[in-house]
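Note sheet for the following structure.
Residue numbers start from 1 in every chain, and the chains themselves are labelled A, B, ... in the order their sequence lines are given, proteins ahead of strands. Just so it is clear, the structure is predicted and the values come from calculations on it, not from any experiment.
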Amino acid sequence: MLGSNDPLSEVFEHFLSGPHIFKDREVLRPDYIPSHLPHRKDEIIHLGKILAPSLDGVRCSNILIYGKTGTGKTAVAKYTLDRLTKKGEEINASIRSSYVNCRIAGTPYRVLANLCHSIDIEIPFTGLATGEVFDRLKNTINSRRLFLICVLDEIDALVKDCGDSLLYELTRINEGLESGKLIIVGVSNDLKFKELLDPRVLSSLSEEEVVFKPYTALELKDILEERANAAFVRGRLTNGALNLCSALAASEHGDARRALDLLRVAGELAEREGASEASEEHVRWAQEKIEKDRVVEVLTTLPLHSKIVMLGILLLKKSSHENSTTGDLFEVYKEVCPRLGVDHLTQRRVSGLINELDLVGLINARVVSFGRYGRTKRVSLGILEEALVEVFKRDPLFDSIVNYHPQCLIRRHKKSNKSLEI
DNA sequence: CGTCCACAGGAATGACGGGCGG
DNA sequence: CCGCCCGTCATTCCTGTGGACG
């Protein structure tokens, strides 16, 4: 019925008959927790030793876990708690564990609500005072004589957004409990996070500290090998590709998540291409794709005026002003704004936007001095021009203006020839 | 050695929107 | 539901500054 004029049937057939690269791609997803965590034995044992007293009904220390992204903090915490609660069930200790991602939860209320849900207390989405939720949690722990071990992941995000008052309350909760205990396992990516905390909160929260070092290239290779065996059909991933993934991720602060991403995307690209195996070439291709996707994602979600500033840099570059000053950029920006039907912001604000764009890596901006001719910022593009052009062409507001030639540049040209000649 | 350019970037303040407690 | 408060974005006003020039 659909026959050869159905464009998709060919795609599906091709996919089904083509070589299969993956046997289970789920194991490469960032949230997958494997049953075995290579090169984290020491950390697991350390964590286990700290928490083990709870099996005996003894209060154990609160813990703070540090480490950069992709060093296995979350995986180790989840794994250890999982084993601990299983052991607790075996010997009939009333240990419960709870995992909350503070960044996703967002507010103290929702963090508390999550903790409550994990021990089967019903809490409405909204309507209760935060203090009321806190009391319910406390009372339940008390009356059921629970040992609640809660992992607060990305705890730095909570403190940055909402301050440390929730943590202060939580660290003090045990004082008001006759039976049962609450133990906090905080997880943070940010090493400077401690500076944001009240000293009292800090001292009780970090009774024990565990620092996760980045993986080395060799360790990453082990991790990847294990996952790759589970994820790929045997022989569909070259050794070179695997080595390259670990090397690339190791050079970027030993981020295992990054390495797994590379591996997964490389496999997907190979599969889509109908290749018989994922090779080093696919890995490099994957790296480009991941980077490009990231850039496109950041660019498209940029606020309007930041986008216009990016457009200004693009237009300057097209007129062979490779790195221009805040003043040049502001002139172009000011000229472009009315053409988009928008009022322009002040130079002060644009200067701030330039700094923000520098921070996310879309541009490079550094202060320079031209002596007699002033002190300013040199601004240049920090990403591929094509990626930028592509995003603008896809945007109905911008697509007609990417080839615009700003008038102010013609006037500027003679002047800048003198002052920028260094 | 002082001047002076072309901004940097801090502080105070205002406009706006959204969530929260009552 | 309403007022309140808070965070964000933007403006205004301001003081600070590296170094070529005279």
In whole Å, what is the span from the [atom1] atom of [X] to the [atom2] atom of [N]?
| X | N | atom1 | atom2 | value |
| --- | --- | --- | --- | --- |
| A/L302 | C/dC9 | CG | P | 12 Å |
| A/L304 | C/dC9 | CG | C1' | 13 Å |
| A/F330 | C/dT11 | CZ | C1' | 12 Å |
| A/H305 | C/dT8 | NE2 | C1' | 14 Å |
| A/R349 | C/dC14 | CZ | C1' | 18 Å |

Which pairs would a plain distance check flag for residues 257-264 of chain A, meaning a side-chain donor or acceptor within less than 3.5 Å of a matching protein atom at least two apart in sequence or in another chain?
residue, atom, partner, partner atom, Å
A/D261, OD1, A/R264, NH2, 2.9

Would A/R25 and A/E271 pass as an ion pair if we require N to O under 4.0 Å?
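Salt bridge between A/R25 and A/E271, a charged N being under 4.0 Å from a carboxylate O: yes.
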
Using a strict cut-off of less than 4.0 Å between a Lys/Arg side-chain nitrogen and an Asp/Glu carboxylate oxygen, indicate whether A/E90 and A/K87 qualify as a salt bridge.
yes

Please list each protein N or O that sits under 3.5 Å from an N or O in nucleotides 8-17 of chain B, with the distance.
residue, atom, partner, partner atom, Å
B/dA8, OP1, A/T326, OG1, 2.5
B/dA8, OP1, A/K377, NZ, 3.4
B/dA8, OP2, A/S351, OG, 3.2
B/dG9, OP2, A/N355, ND2, 3.4
B/dG9, OP2, A/K377, NZ, 3.3
B/dG9, N7, A/R348, NE, 3.3
B/dG10, N7, A/R348, NH2, 3.0
B/dG10, O6, A/R348, NE, 2.8

Does the plane of the ring in A/F398 sit parallel, tilted or perpendicular to the ring in A/F392? Use 30° and 60° as the thresholds.
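Plane angle between 30° and 60°, so tilted.
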
Would you name the heavy atoms of A/L316 and A/S324 that are closest together and state the gap between them?
CD1-OG, 3.1 Å

On a heavy-atom basis, which atom in A/V402 and which in A/K393 lie closest, and how many Å separate them?
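Heavy atoms only, the tightest pair is CG2-CE, 4.0 Å.
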
May I ask you to check if A/R40 and A/Y79 form a cation-pi contact, with NZ or CZ under 6.0 angstrom from the six-membered ring centre and within 45° of the axis?
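The answer is no, since A/R40 fails at least one limit relative to A/Y79.
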
So which protein N/O to nucleotides 19-22 of chain C N/O distances come out below 3.5 Å?
residue, atom, partner, partner atom, Å
C/dG19, O4', A/S369, OG, 3.4
C/dG19, N2, A/G371, O, 3.4
C/dA20, O4', A/R372, N, 3.3

Going through the distances and angles, do A/E390 and A/K292 end up as a side chain to side chain contact (heavy atoms under 4.5 Å, CB included)?
CA-CA 11 Å; A/E390 200 184 302; A/K292 197 172 162 194; 3.1 Å; yes

